[in-house]
Amino acid sequence: MTATVASHRKPKPHTLAGNTVRTAATLALAGAATATALEGTGHAAADLTPAQARAQVARYYQQAEVATEQYDGVKEKVDQARAALTGLQDEAARKTERLNAARNALGFFATAQYRTGGIPTEVRLLLSSSPDRFLERASLADRVGARQKAALDRVRQELRGVQQVRTTADARLGELKSEQDLLAKHKHDIEAKLGKAKDLLNQLPKEERAAVESGDDTGGSPGGVTGAAKTVLSAVHPDEAAPAGADAPSARASQAVAFAYSAIGKPYVWGATGPSAFDCSGLTQAAWQAAGVSLPRTTYTQINAGHRIARSQLAPGDLVFFYSGISHVGLYIGGGQMIHAPHPGAPVRIAPIDEMPFAGATRPV
């Protein structure tokens, strides 16, 4: 899930649970006709037609991607919480140093007073093993001289500062542990879905398995690669690809497209943001980062970056989103095509935007 990212627009509120429920409902409806045969790994491949097997693998991949985007979002929160906790710990250390310096200064006054005939009660309290007691009897400070009162006030202020920072750090630590538990859950969900896909793929004939894993063929199933896409895929190779940036609405959009072309052929790895591997939102984030624009980490936050555009207004560099839960994103390059990171086993590639249910588009700048 990477350094903290920021969008130039504040993302609209988004509820993970809501989108997960909607996505699950969509997937359930899509697979209702073959649910009995398709769910679970106990059925042999002979129980499924090739088209059903390919469609189920595609559904497992799509469900895994929903969990991946949730993982990416939580990972970002974990990174932010860890960075904040580190900052608070550093701040607590600095404040503790100042507190010790203040107490040392107060000790100097105490030593001087001892030499002249005694240490006031309030000073003894503050220098004791329980300085918190002093805060309950702060009125005693009124009995000492102006310089010593200033020293007492400074110790009191520094002590309160240390306590406040430590309390905040403890709360952050609790948040971090909670987010880490959620992160582990999403990781388990991803691995479970990918495991089911792998089990089903292993039951397919070798040629069909290779085709599905590479993303070159899904048998015309919903969300599958069309014949037109195969033509594009066979014609375009990373070494030959040359982005047609002339149609991009801005120089930055052209730079983002160029980066996406340079990523063609690199593997899909869930949670990856480059430079050697990407997941879908990791690729689009990295592409626009190369153009000097910071995008949020996940599909459901990226769709709120920049401004929405109609499908008829698409231009190179725009982000195109898919599925009702906004669980997949690609970078539009013109001509009805995009560059995207499809799923594990299928590298970054060019594909038509018609191969998945279109959900919307946005232009970052």
Exercise. When hydrophobic residues are tied together by side-chain contacts of less than 4.5 Å, even through go-betweens, does L88 share a cluster with L159?
Worked result: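 Unlinked, L88 and L159 end up in two clusters.
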Which atom pair, heavy atoms only, marks the closest approach of [X] to [Y]?
| X | Y | answer |
| --- | --- | --- |
| A277 | V269 | CB-CG2, 3.6 Å |
| P249 | P316 | CD-O, 3.2 Å |
| A263 | L283 | CB-CD1, 3.7 Å |
| R363 | V365 | CG-O, 3.1 Å |
| L314 | A361 | CD2-CB, 3.6 Å |
| M338 | G330 | SD-CA, 4.0 Å |

Is the backbone N or O of [Y] less than 3.5 Å from a side-chain atom of [X], with the two atoms forming a donor-acceptor pair by type?
| X | Y | value |
| --- | --- | --- |
| K266 | P275 | yes |
| D279 | G271 | yes |
| R308 | I303 | yes |
| W288 | G317 | yes |
| T362 | A305 | yes |
| Y332 | G336 | yes |
| S281 | R297 | yes |
| E69 | E65 | no |

Could you measure the distance from the [atom1] atom of [X] to the [atom2] atom of [Y]? Nearest 0.5 Å is fine.
| X | Y | atom1 | atom2 | result |
| --- | --- | --- | --- | --- |
| R59 | K193 | CZ | NZ | 11.0 Å |
| I190 | Q70 | CD1 | CD | 8.5 Å |
| I339 | C280 | CD1 | SG | 14.5 Å |
| D199 | Q203 | CG | CD | 7.0 Å |
| Q89 | L173 | CD | CG | 8.0 Å |

For the residue pair [X] and [Y], establish whether any side-chain heavy-atom pair is separated by less than 4.5 Å.
| X | Y | result |
| --- | --- | --- |
| H340 | M356 | yes |
| L194 | P344 | yes |
| Q289 | F259 | no |
| K187 | L183 | no |
| T68 | Y268 | yes |
| Y261 | I350 | yes |
| R160 | Q157 | no |
| L176 | Q180 | yes |

Problem set entry | For K177, side chain to side chain donor-acceptor pair (under 3.5 Å) partners two or more places apart |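 So K177 forms no side chain to side chain donor-acceptor pair (under 3.5 Å) with any residue.
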Seminar exercise, completed: Sorted by chain and residue number, the side chain to side chain donor-acceptor pair (under 3.5 Å) partners of T284 (sequence neighbours excluded) come out as Q302
For this session: Decide side-chain contact (heavy atoms from CB on, under 4.5 Å) for V329 and T298; before the verdict, give the C-alpha distance in whole Å, the side-chain angles of both, and the deciding distance to 0.1 Å.
Result: CA-CA 9 Å; V329 63; T298 63; over 6 Å; no
Regarding [X] and [Y], does a basic nitrogen lie under 4.0 Å from an acidic carboxylate oxygen?
| X | Y | answer |
| --- | --- | --- |
| D189 | K185 | yes |
| D318 | R311 | no |
| R349 | E355 | yes |

Exercise. When you check the side-chain N and O atoms of Q285 and T273, is any donor under 3.5 Å from an acceptor?
Worked result: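 Side chains of Q285 and T273: no pair found under 3.5 Å.
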Problem set entry | Side chains of Y60 and Q56, donor plus acceptor under 3.5 Å | yes
Exercise. In chain order, what residues pass the salt bridge (charged side-chain N to carboxylate O under 4.0 Å, His left out) check against R82, with sequence neighbours excluded?
Worked result: D79
Problem set entry | side-chain contact (heavy atoms from CB on, under 4.5 Å) evaluation trace for N202 with K198 | CA-CA 6 Å; N202 287 339; K198 182 178 180 180; 3.8 Å; yes
Problem set entry | CD (Q164) with more than 12 external heavy atoms under 6.0 Å | no
For this session: Anything under 30° is parallel, anything over 60° is perpendicular, the rest tilted; go ahead and classify F322 against H328.
Result: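 If you compare the ring of F322 with that of H328, the planes turn out tilted.
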